[in-house]
*Asks:* 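Before we start, here is the structure in question, set down as structure tokens.
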Amino acid sequence: MWRDKLDTSVTEKVISLAKKRGFYWQAYEIYGGVGGFYTLGPLGTRLKDNIIRVWRKIFLEPYEFIEIESPTIAPYIVFEASGHVGSFKDAMAECLKCGNKYRADHLLEEKGVKVSEATSLEILEKLLNEKNVSCPDCGSVSWKVSSFLTMFQTNIGPYKENVGFLRPETAQGMFVEFKQLYEINRARMPFGVAQIGKAYRNEISPRQGLIRLREFSQMELELFFDPLNDKCPYLDDVKDIRMNILDEEKVRNGDTLPHNVNAKEAVERGFVREEWLAFMMALSQKFLCTLGIRPEFQRFKAKLEGERAHYSAQTFDHEVLTGKFGWIEVAGHAYRQDYDLKSHSIKSRSSMEVVEELAQPIKVKKKLAYVDPSKVKRDFGDKSSEIFKLISSMKPFELAELLEKDGTIIANDIVIGKEYFIFKEVEETISTRKYIPHVIEPSFGIERIIHAVLEHSYNEKEDRVILSLKEEIAPYRYAVFPLVKRDGLDAKAKEIYLMLKIRGLSVIYDDDGSIGRRYARADEIGVCKAITVDYQTLEDNTVTVRDRDSWQQKRIAINTLL
RNA sequence: GCGAUCGUCGUCCAGUCUGGUCUAGGACACCAGCCUUCCAAGCUGGUAACCCGGGUUCAAAUCCCGGCGAUCGCACCA
């Protein structure tokens, strides 16, 4: 069954449940609320922690990938090197008549005027006004150009000129520390580094609740690999995971019926360029399934050339179908190539290369040139010392290369020919290869996942709400209730509650109202099992355990609860 | 950011057009007590709101202006 629509009312219901029971709500409400900022409540933070735990279990633990926590503020130069200063800064053209804003470069390109990212604001404004570019909305031809930077800017220390940015992604923290991490990880390749933390984007108009935030949480993994040896050894492990993939061709043609393939087939059939990318996509699907989102509500949608981030050679959005918001992107899987490491390497002038020891050392023949001092002295006399000085600053193989190419060496206008050198050919053994690793990056937005998971866990049964959260992520697994609050049942229930709590289980206690009301309350926040203490408990130390989804009850002995 | 629509207890809704009767009402939820031997039962009581600021007026939830926020559309979403 292939569905492309969900009941839109579920979204509203989830949002109001989230607020009512404390998963999440808009922040700063006492001051009228500020767009793009949300607070996670007590249940939301537990859910988030559990989601993160599952993610680590799926993406990091089996492969011994490592995790770091880097600062959320970085100096200007970091995002200059990464390309964010350039591509996060859009030149906005504002129509002076109707006030609508457009991307200045888009408007000009429609007129056939090519501009680059480096084109200054003044020139853009001049071009727009001179070329009579008309406003798509009102037709006016007078423009004002200004830039809008979607990164939050701040100052580091007391100096205005020392600009810093709140990171728009956690990834750069891993790239700038790459060399150190590579060493710490004992130079293993391929290897993965993850970071879980906040990122900030000053969206122009954030909407849709948790879907587009100005401050949000990411779980990102940078998988570094050798582009000449890009086999992923784990493809067989994920062969049973079949993904719905809309490749570039389908997206271009507007075809929404996806291919259904596993990672290996996705690569073989040319949908996905890199094995590691396909592998991460498969893990991503496994991850969302573990969180309770069924595969038919998931798909991977390729980003077309112009839609991709500046660093990406191929990107798939991992999307989940929701009610009101339709398909939402909960993760992006990007092939970042060596874009970031290379940029940081050039900007910082520090090496980002890794060294590979070759299995078979390669023998390379090399020509070396040595000067013949006696000939030089004989023919150049007093000027010899100058010549020796120059020549000694060069290595023998460099001299040989130059002489091969030009036939002469020129030192302070003195031309020295080949005949003053003695050539030697040596065989050198090369046992290493240096390269800048390529990167596959799965990047998850936690808040979006929280929302998607809640929508897909939301059920109604006989006018009651049941949040069928998987055991792995439910904020509480157990609830303990006394059937009634007297005759010692409450004391016994509390005893059991504490026993479970001491064992580290997530458990709540509730003795308020009727037993039915408590079951209902527990169902609504996704408590998996309700343990009820009744009169029989006092006689034979058994309790009833009620399942949240089936409402079935089983009587079991207290000592088998653990 | 622009345009349209909108903003009342935690939630949903009444009241706004036609200013006074609103000390802002109801339902559900929540809290306290009673009751209660398995699925939101019942009884009693309680907490709780006119988005913010300014203006008009004898009088503003109600009319006007500004701000903030929300929804939708446009644009943006690396």
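Note that the structure is a prediction, hence the values are computed from the model and not measured. The sequence lines fix the lettering, A, B, ..., with proteins before strands; numbering per chain opens at 1.
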*Asks:* Base, sugar-phosphate alone, or nothing: which one does A:Ser312 contact when heavy atoms must sit under 4.0 Å apart?
*Replies:*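 If one applies the 4.0 Å heavy-atom cut-off, A:Ser312 turns out to touch nothing in the nucleic acid.
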
*Asks:* Name the pairs: protein N/O against N/O of nucleotides 70-73 of chain B, kept only if under 3.5 Å.
*Replies:*
from: B:rA70; atom 1: OP1; to: A:Gln26; atom 2: NE2; distance (Å): 3.3
from: B:rC72; atom 1: N4; to: A:Arg207; atom 2: NH2; distance (Å): 3.0
from: B:rG73; atom 1: O6; to: A:Arg207; atom 2: NH2; distance (Å): 2.8

*Asks:* Report which part of the nucleic acid A:Ala309 touches: base, sugar-phosphate, or nothing (heavy-atom distance under 4.0 Å, all strands).
*Replies:*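 Touches sugar-phosphate only.
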
*Asks:* Compute the centroid of each ring, for A:Phe59 and then for A:Phe444, and state whether the two points are separated by less than 6.0 Å.
*Replies:*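 Yes; A:Phe444 has its ring centre under 6.0 Å from that of A:Phe59.
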
*Asks:* What are the atom names and distances for every N/O pair under 3.5 Å that joins the protein to nucleotides 6-12 of chain B?
*Replies:*
from: B:rU11; atom 1: OP1; to: A:Lys19; atom 2: NZ; distance (Å): 3.0

*Asks:* If you check the A:Ser514 side chain, which of B:rU37, B:rA41, B:rC77 turns out closest?
*Replies:*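 Of the options given, the side chain of A:Ser514 lies nearest B:rA41.
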
*Asks:* Cut-off 3.5 Å, no hydrogens considered: what does the side-chain donor-acceptor table look like for residues 69-78 of chain A, sequence neighbours left out?
*Replies:*
from: A:Ser70; atom 1: OG; to: A:Gln195; atom 2: OE1; distance (Å): 3.2
from: A:Ser70; atom 1: OG; to: A:Gln195; atom 2: NE2; distance (Å): 3.1

*Asks:* Would A:Lys301 pass as a cation-pi partner of A:Trp327, given that its NZ or CZ must be under 6.0 Å from the six-membered ring centre and within 45 degrees of the axis?
*Replies:*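 Not satisfied by the 6.0 Å and 45° rule.
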
*Asks:* Is the phosphate of B:rC77 approached by A:Arg214 (side-chain N or O, under 4.0 Å from OP1 or OP2)?
*Replies:*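 Checking B:rC77 against A:Arg214, no side-chain N or O comes under 4.0 Å of OP1 or OP2.
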
*Asks:* Nearest of B:rC30, B:rA40, B:rA32 to any side-chain atom of A:Glu524?
*Replies:*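 Taking heavy atoms from C-beta onward, the closest nucleotide is B:rA40.
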
*Asks:* Report yes or no: is there a donor-acceptor pair, N or O only, under 3.5 Å between the side chain of A:Tyr31 and the base of B:rC68?
*Replies:*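 Side chain to base: no pair below 3.5 Å.
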
*Asks:* Can you check whether A:Arg517 has a side-chain N or O nearer than 4.0 Å to OP1 or OP2 of B:rC30?
*Replies:*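 Result: yes.
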
*Asks:* Using whole Å, what does the distance between atom C1' of nucleotide B:rC77 and atom CZ of A:Arg448 come to?
*Replies:*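 One finds 8 Å between C1' of B:rC77 and CZ of A:Arg448, rounded.
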
*Asks:* Can you check the A:Glu462 CD to B:rC39 P distance for me, whole Å?
*Replies:*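 Distance, rounded to whole Å: 11 Å.
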
*Asks:* Base, sugar-phosphate or nothing for A:Asp512? Non-hydrogen atoms, less than 4.0 Å.
*Replies:*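 It contacts sugar-phosphate atoms only.
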
*Asks:* May I ask you to decide if the ring planes of A:Tyr339 and A:His310 are parallel, tilted or perpendicular, using 30° and 60° as cut-offs?
*Replies:*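 Rings of A:Tyr339 and A:His310: perpendicular, as their planes differ by over 60°.
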
*Asks:* Can you tell me whether the side chain of A:Arg546 and the base of B:rC39 have a donor-acceptor pair closer than 3.5 Å?
*Replies:*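 Answer yes: a donor N or O sits under 3.5 Å from an acceptor.
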
*Asks:* How many whole angstroms separate atom CD of A:Glu203 from atom C1' of B:rC76?
*Replies:*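 My rounded result for the distance is 8 Å.
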
*Asks:* Tell me the interatomic distance from A:Asp511, atom CG, to B:rC34, atom P, rounded to whole angstroms.
*Replies:*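 A:Asp511 atom CG is separated from B:rC34 atom P by 12 Å.
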
*Asks:* Could you check whether A:Arg214 makes a cation-pi contact with A:Phe152, meaning its NZ or CZ is under 6.0 Å from the centre of the six-membered ring and within 45° of the ring axis?
*Replies:*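 No.
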
*Asks:* From C-beta outward on A:Trp551, which listed nucleotide comes closest to its side chain: B:rC39, B:rU36, B:rC38?
*Replies:*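 Closest of the options to the side chain of A:Trp551: B:rC39.
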
*Asks:* In this structure, how many angstroms lie between the C1' atom of B:rC39 and the CG atom of A:Asp523, rounded?
*Replies:*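 For the pair A:Asp523 CG and B:rC39 C1', the rounded distance is 8 Å.
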
*Asks:* Looking only at the aromatic ring of each residue, does the gap between the centers of A:Phe165 and A:His84 stay below 6.0 angstrom?
*Replies:*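 Distance test on ring centres: not under 6.0 Å, no.
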
*Asks:* Is there a donor and acceptor pair closer than 3.5 Å between the side chain of A:Arg212 and the base of B:rC76?
*Replies:*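 Indeed, a donor on one side and an acceptor on the other fall under 3.5 Å apart.
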
*Asks:* Here's a test for you: under salt bridge (Lys or Arg N to Asp or Glu O under 4.0 Å), which of A:Arg21, A:Arg548, A:Arg546 qualifies with A:Asp523?
*Replies:*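 So, applying the salt bridge (Lys or Arg N to Asp or Glu O under 4.0 Å) to A:Asp523 and each of A:Arg21, A:Arg548, A:Arg546, only A:Arg546 qualifies.
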
*Asks:* Given the side-chain rings of A:Phe316 and A:Phe271, with only the six-membered ring counted for Trp, is the space between their centroids under 6.0 Å?
*Replies:*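 Centroid distance A:Phe316-A:Phe271: not below 6.0 Å, so no.
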
*Asks:* Rounded to the nearest angstrom, tell me the gap between atom CD in A:Glu460 and atom C1' in B:rC39.
*Replies:*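 Roughly 17 Å, once rounded to whole Å.
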
